[in-house]
Number of protein chains: 2
Amino acid sequence: MPHDGEWAATTKGEATAARIRAVALDQFSQLGFERVTMGGIAKAAGVSQPALHYHFEDKAHLWRSAMLGLRAVIQEEERLIEAAADAPPLTQLRVAMRLFLQISWKHPALGRIVALEGMAGGERLEWLDRHLLGARNRRLAAIAAEAVAAGDLLPYPPEQMVVTLQTAAVGVINLAPLMRTTFDCDVAAAREIHDDMILEAVLGGFLTEKGRRAQEEAQ
Amino acid sequence: MPHDGEWAATTKGEATAARIRAVALDQFSQLGFERVTMGGIAKAAGVSQPALHYHFEDKAHLWRSAMLGLRAVIQEEERLIEAAADAPPLTQLRVAMRLFLQISWKHPALGRIVALEGMAGGERLEWLDRHLLGARNRRLAAIAAEAVAAGDLLPYPPEQMVVTLQTAAVGVINLAPLMRTTFDCDVAAAREIHDDMILEAVLGGFLTEKGRRAQEEAQ
DNA sequence: AGCTTTTCTGATTTTGTAGTCAGAAATTGG
DNA sequence: CCAATTTCTGACTACAAAATCAGAAAAGCT
């Protein structure tokens with residue numbers, strides 16, 4: 001029962017399929033779709049190249065299957081955001097940003113792939129929007145709009161704020177190679193400082209006076 | 001005298017070479033190095049594919065030559081930053097961010113290429129660091145460090161602040177296709193609002209109380 | 001105009017990679 | 001332990017794109 005790419009029982013095949021997915025996710029995120037070769041994935045996964053075509057119909061299917069491994073992560077995030085739906089919108093945003101940072105450190109592939117495909121456009125971006133990120137991002141924009149309406153956030157377009165917050169949050173994570181080349185510094189070493197910087201300085205910068213007071217009270 | 005890729009006089013050859021460079025820069029920034037084909041560039045530039053190999057030794061040389069077209073832009077930016085070297089560091093940072101935004105709108109290719117190569121690492125990133133961006137970015141980090149020392153900026157690592165500010169600034173510009181797909185909105189339409197958001201909310205978020213007062217006075 | 005140099009093209013080679021297929025090896029179920 | 005099924009490999013094809021080269025066309029010069 002090859003070519004499905006779904007989560008079957010714990011058979012031998014599913015084990016290697018999972019290994020292939022993991023390697024593929026890693027490589028796709030570091031290099032982008034085109035630079036990755038089936039042969040390279042096969043080698044890193046310790047199988048022959050045709051084995052990939054046994055488990056996954058073609059390169060595009062493998063890419064999607066690798067992405068689906070992140071769907072559970074996103075869905076859990078959406079669940080946790082929704083769980084805070086009764087809190088004030090500003091609190092929801094902070095929760096969402098905390099979760100986003102957590103996910104970005106644990107699954108750096110996600111942010112890099114969004115950056116790669118989000119710049120290029122095309123069918124892979126549309127797939128990501130439809131199956132992984134669209135609903136989440138539109139929900140976040142809605143929350144940001146509420147926070148603006150409540151007078152807690154500066155009145156900028158919510159979509160731009162959400163995307164700017166996210167790109168700022170993953171900036172140095174995505175650009176780890178650049179940070180090393182230009183500054184010879186390792187970002188992952190200063191994770192707590194970075195998270196604090198994003199939450200306090202960047203998210204903090206979008207708060208109105210009222211929002212700042214509300215946040216101080218909440219602590 | 002082929003294969004040099006330098007700026008000669010206004011001969012027939014240099015005209016087509018320039019056309020090729022322009023097309024190449026455009027395509028490289030939208031698609032990344034690998035997705036771009038010599039044939040595609042040739043077609044868009046209205047020449048045959050071997051003509052590219054006449055003017056540029058190979059694909060890598062063409063890429064570098066196209067990048068060098070941006071060097072004048074960066075050098076002018078560095079010059080303008082240096083011209084403000086006597087002002088307080090916070091003012092220099094604001095000037096630098098304004099220039100960065102200006103360049104990002106005028107040459108969106110630059111930010112996209114930095115994002116692409118800065119995530120992937122490799123020799124093209126090292127080339128960019130050495131010939132285009134390294135000096136500028138290290139200079140900015142030094143200015144940020146001064147601003148921290150002066151008590152105007154929150155005490156986060158200057159390198160992280162600089163890169164975070166830049167990624168935040170180009171976020172929605174780079175991710176224009178994503179903004180369209182997910183939110184059906186056109187970023188370029190709201191350029192002034194975006195620039196204001198970056199300067200006031202994002203850069204503003206990094207200011208200390210003292211920094212905020214200093215900035216209000218300066219106006 | 002006639003010669004030289006620059007600029008470019010058509011045809012071709014070379015290379016790297018996606019995808020196919022027959023059959024071997026391993027695994028599973030009876 | 002044997003047969004059926006799943007899993008995987010080696011050898012191969014197909015193809016797209018980079019790079020090469022001999023020579024044609026164009027531009028420049030005297």
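Using a 4.0 Å cut-off between charged side-chain N and carboxylate O, Glu159(B) and Arg138(B) make no salt bridge.
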Distances for protein N/O vs nucleotides 21-28 of chain D N/O pairs under 3.5 angstrom?
none

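Screening Glu78(A), Glu77(A), Gln75(A) for a side chain to side chain donor-acceptor pair (under 3.5 Å) involving Arg136(A) leaves a single residue, Glu77(A). When Ile113(B), Ile74(B), Val73(B) are each tested for a side chain to side chain contact (heavy atoms under 4.5 Å, CB included) with His107(B), only one passes: Val73(B).
The distance from atom NZ of Lys59(A) to atom P of dT20(C) is 15 Å, rounded to the nearest whole Å. Protein atom CD of Gln27(A) is 12 Å distant from nucleotide atom P of dT17(C), rounded to whole Å. Atom-to-atom, CD1 of Ile20(A) to P of dT9(D) comes out at 9 Å; the value is rounded to the nearest Å. Protein atom CZ of Phe28(B) is 9 Å distant from nucleotide atom P of dA18(D), rounded to whole Å. If you take CG of Leu52(B) and P of dT7(C), they are 15 Å apart, rounded to a whole angstrom. Protein atom CH2 of Trp63(A) is 21 Å distant from nucleotide atom P of dT17(C), rounded to whole Å. The interatomic distance linking Phe56(A) (CZ) with dT7(D) (P) rounds to 12 Å, in whole Å. The distance from atom OH of Tyr54(A) to atom P of dA22(C) is 16 Å, rounded to the nearest whole Å.
Under a 3.5 Å cut-off, the side chain of Thr181(A) and the backbone N or O of Pro177(A) do form a donor-acceptor pair. Ser104(A) places a side-chain N or O within 3.5 Å of a backbone atom of Phe100(A) that can act as its donor or acceptor partner. The backbone N or O of Glu117(A) lies less than 3.5 Å from no partner atom in the side chain of Arg124(A), so there is not a single donor-acceptor pair.
A donor-acceptor contact under 3.5 angstrom links the side chains of Asn137(B) and Gln166(B), judged on distance only.
A heavy atom lying under 4.0 Å from DNA chain C marks the following residues of residues 30-48 of chain B, by number: Val47(B), Ser48(B).
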Go through the steps for Arg94(B) and Glu200(B) under the test salt bridge (Lys or Arg N to Asp or Glu O under 4.0 Å), then give the verdict.
-> CA-CA 10 Å; Arg94(B) 265 184 84 88; Glu200(B) 299 309 320; 3.4 Å; yes
Kindly determine whether Leu62(B) and Ile41(B) satisfy side chain to side chain contact (heavy atoms under 4.5 Å, CB included), including the steps that lead there.
-> CA-CA 10 Å; Leu62(B) 172 54; Ile41(B) 296 173; 3.8 Å; yes
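Residue side chain Gln49(B) reaches the base of dA19(D) through a donor-acceptor N/O pair under 3.5 Å, judged by distance alone.
The side chain of His55(B) places an N or O atom within less than 4.0 Å of a non-bridging phosphate oxygen (OP1 or OP2) of dC8(C).
For Thr16(B), whose side chain is taken as the heavy atoms from C-beta onward, the closest listed nucleotide among dA18(C), dA18(D), dC8(C) is dC8(C).
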